[in-house]
2 protein chains.
Amino acid sequence: MKEGPNIARIATLIGDPGRANMLAALMSGKALTATELAGEAGVTKQTASAHLAKLKDGDLVVVEAQGRHRYFRLAGEEVAATLEALMGLAAAKGQLRTRTGPKDPELRHARVCYNHLAGEQGVRLYDGMLGHGYLRLGSNGLDLTQSGQELVGRLGIALDGNSRAPLCRECLDWSARRSHLAGRLGRAILQFTFEQGWAKRVEGTRIVRFTATGGAAFARAFKLT
Amino acid sequence: MKEGPNIARIATLIGDPGRANMLAALMSGKALTATELAGEAGVTKQTASAHLAKLKDGDLVVVEAQGRHRYFRLAGEEVAATLEALMGLAAAKGQLRTRTGPKDPELRHARVCYNHLAGEQGVRLYDGMLGHGYLRLGSNGLDLTQSGQELVGRLGIALDGNSRAPLCRECLDWSARRSHLAGRLGRAILQFTFEQGWAKRVEGTRIVRFTATGGAAFARAFKLT
DNA sequence: TCTATAGTTCGGCTATGATCGAACCATGTC
DNA sequence: GACATGGTTCGATCATAGCCGAACTATAGA
């Protein structure tokens with residue numbers, strides 16, 4: 001009965017509180033240095049170094065050396081999606097880390113998930129784009145339809161040409177328990193939202209805060225109800 | 001930066017090899033007794049008992065006492081979905097447990113995921129039903145449309161009335177890296193497939209083996225290409 | 001070249017948690 | 001009631017792995 005992939009190694013990797021905190025911090029999508037991650041995890045640099053070596057060895061993070069800094073980021077969308085799934089389980093049993101302060105509702109409403117928009121707004125975007133036929137679930141996965149491409153072009157959303165990563169991808173949302181849009185398109189839309197000034201990131205958190213007019217403009221652009 | 005659910009506890013729970021094996025065994029959807037699970041994990045009854053107590057305390061499994069047996073099963077679709085996500089990560093880095101024997105391709109082709117169909121066939125079903133408009137992603141999640149309800153009725157698929165669980169749900173597939181259909185409908189369709197004699201489970205594994213005529217009949221029934 | 005900072009390596013301490021032997025409770029069978 | 005089997009509890013053992021102090025390497029800047 002032991003067919004299938006070896007999940008214990010990966011889960012053990014995520015299971016250490018220090019490493020889990022680091023991964024949670026990296027869910028912001030920013031690349032962080034080893035010392036910054038040490039601060040997040042509440043451990044010394046030596047300990048953090050050991051943890052990061054293990055995460056790297058387990059292919060959960062990738063590292064990019066820049067001068068005397070080493071920047072760490074999540075290894076990809078799949079890692080982010082798995083972390084979201086784990087958060088969903090933890091949230092389901094009431095294991096929220098911070099007691100329901102003002103942060104929690106805001107996190108549920110709109111937040112960054114690795115590099116795209118999550119939370120209620122992310123789910124709303126995903127549903128709306130499917131409902132209007134901008135996205136379609138075809139036999140090759142999630143597709144951007146003809147009308148979807150027109151929308152992207154009309155709004156002037158810049159898709160980077162790095163075509164290795166899939167254009168569209170779904171990611172399961174821990175707060176709404178529904179899918180939202182990831183992939184290159186998901187990233188581009190979040191980027192676009194910031195550039196338009198519709199929303200800003202709250203410094204030091206994963207919260208995305210829409211302005212009143214920005215929220216309306218966002219909904220209008222994607223025809224969300 | 002420590003907002004959000006506490007994932008470390010859950011991941012630690014899954015991270016022990018013994019518990020991971022138990023959970024993997026429970027992905028077959030069958031309810032297993034404590035001694036059976038001890039055998040799966042390769043530990044003694046005492047150890048298994050301790051593990052199962054922790055899994056139960058962490059709400060990953062539920063237990064049902066029947067006479068002097070205690071049957072364990074996964075706590076729900078979310079748990080299964082999370083395990084699939086972890087398997088996806090593990091598979092991505094080539095961490096397959098069994099060396100690519102004959103089992104592995106069959107597992108990828110069609111298998112049981114908790115209580116519904118997964119693997120290439122599961123993904124194919126999901127995509128086809130969306131493509132033909134039997135399913136739709138609406139604002140309340142995945143919906144069975146009018147024509148979908150007609151299809152279900154015409155085929156004579158029995159949906160149990162236990163309406164607590166959602167009718168349709170997506171579950172991310174570790175082998176195909178795509179979504180497949182879970183929820184009450186997903187369970188009913190798998191059940192129906194077995195009842196029609198289109199496929200059988202390979203004893204002691206999660207493999208679902210379609211007969212030649214059964215595979216064709218399955219594709220015809222749901223208009224899969 | 002000297003200094004400050006980023007990060008790693010090494011060694012030893014410690015604690016958590018997995019493991020099992022043995023005894024114990026509970027349910028069903030004869 | 002005696003007995004077998006499923007399962008839990010307790011206690012002791014043992015290994016793994018997290019942790020940090022201290023020493024070390026590497027890059028940047030003056």
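Chain identifiers are assigned alphabetically (A, B, ...) following the order of the sequence lines, protein sequences preceding nucleic acid strands; residue numbering begins at 1 within each chain. Predicted model, so just to flag it, every value in this text is computed and none were measured.
Note: B:Phe210 and B:His109 have perpendicular aromatic rings, judged against thresholds of 30 and 60 degrees for the angle between ring planes.
Put simply, NZ on A:Lys45 is 15 Å from P on D:dA23, counting in whole angstrom units. A straight line from CG of B:Asn21 to P of C:dT19 spans 10 Å, rounded to a whole angstrom. The nearest whole Å value for the distance from the CZ atom in B:Arg70 to the C1' atom in D:dT8 is 9 Å. One can place CZ of A:Arg9 at 14 Å from P of D:dT16, the figure rounded to the nearest angstrom. Distance, A:Leu32 CG to C:dG7 P: 11 Å, rounded to whole Å. One interatomic measurement links the two molecules: OH of A:Tyr71 to P of C:dG7, which rounds to 8 Å at whole-angstrom precision. To the nearest angstrom, C1' of D:dG18 lies 14 Å from CG of A:Leu13. Rounded to whole angstrom, the span from the CG atom of B:Leu37 across to the P atom of D:dT8 amounts to 11 Å.
Between the NZ atom in A:Lys30 and the CD atom in A:Glu36 there is a gap of 8.0 Å [rounded to 0.5 Å]. Taken from CD in A:Glu170 to OH in A:Tyr126, the straight-line distance is 3.5 Å, to the nearest 0.5 Å. For the atom pair A:His116 NE2 and A:Arg187 CZ, the distance stands at 11.0 Å (nearest 0.5 Å). Note that CD1 of B:Ile14 is 9.5 Å distant from OG1 of B:Thr12, once rounded to the nearest 0.5 Å. Separation of atoms NZ (A:Lys45) and OG1 (A:Thr33) is listed at 10.5 Å; rounding is to 0.5 Å.
B:Ala199 and B:Val208 make their closest contact through CB-CG1, 3.7 Å (heavy atoms, listed as atom of the first residue, atom of the second, distance).
If you check C:dA18, D:dT8, D:dG18 against the side chain of A:Lys54, the one that comes closest is D:dG18. For A:Arg19, whose side chain is taken as the heavy atoms from C-beta onward, the closest listed nucleotide among C:dT19, C:dG7, D:dG18 is D:dG18.
A donor-acceptor contact under 3.5 Å links the side chain of A:Gln46 to the base of D:dG21.
Residue contacts for B:Thr35: at a heavy-atom cut-off of 4.0 Å it reaches the sugar-phosphate backbone alone, with no base atom in range.
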Produce the list of close N/O pairs, under 3.5 Å, pairing protein atoms with atoms of nucleotides 27-30 of chain C; give distances to one decimal.
residue: C:dT27; atom: O2; partner: B:Arg68; partner atom: NH1; Å: 3.4

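Contact between the side-chain N/O atoms of B:Thr47 and the OP1/OP2 oxygens of C:dA18 is not found at any separation under 4.0 Å. Side-chain nitrogen and oxygen atoms of A:Ser49 include at least one within less than 4.0 Å of the OP1 or OP2 phosphate oxygen of C:dT8.
Between B:His69 and A:Asp16, it is B:His69 whose nearest contact on DNA chain D lies nearer the 5' terminus.
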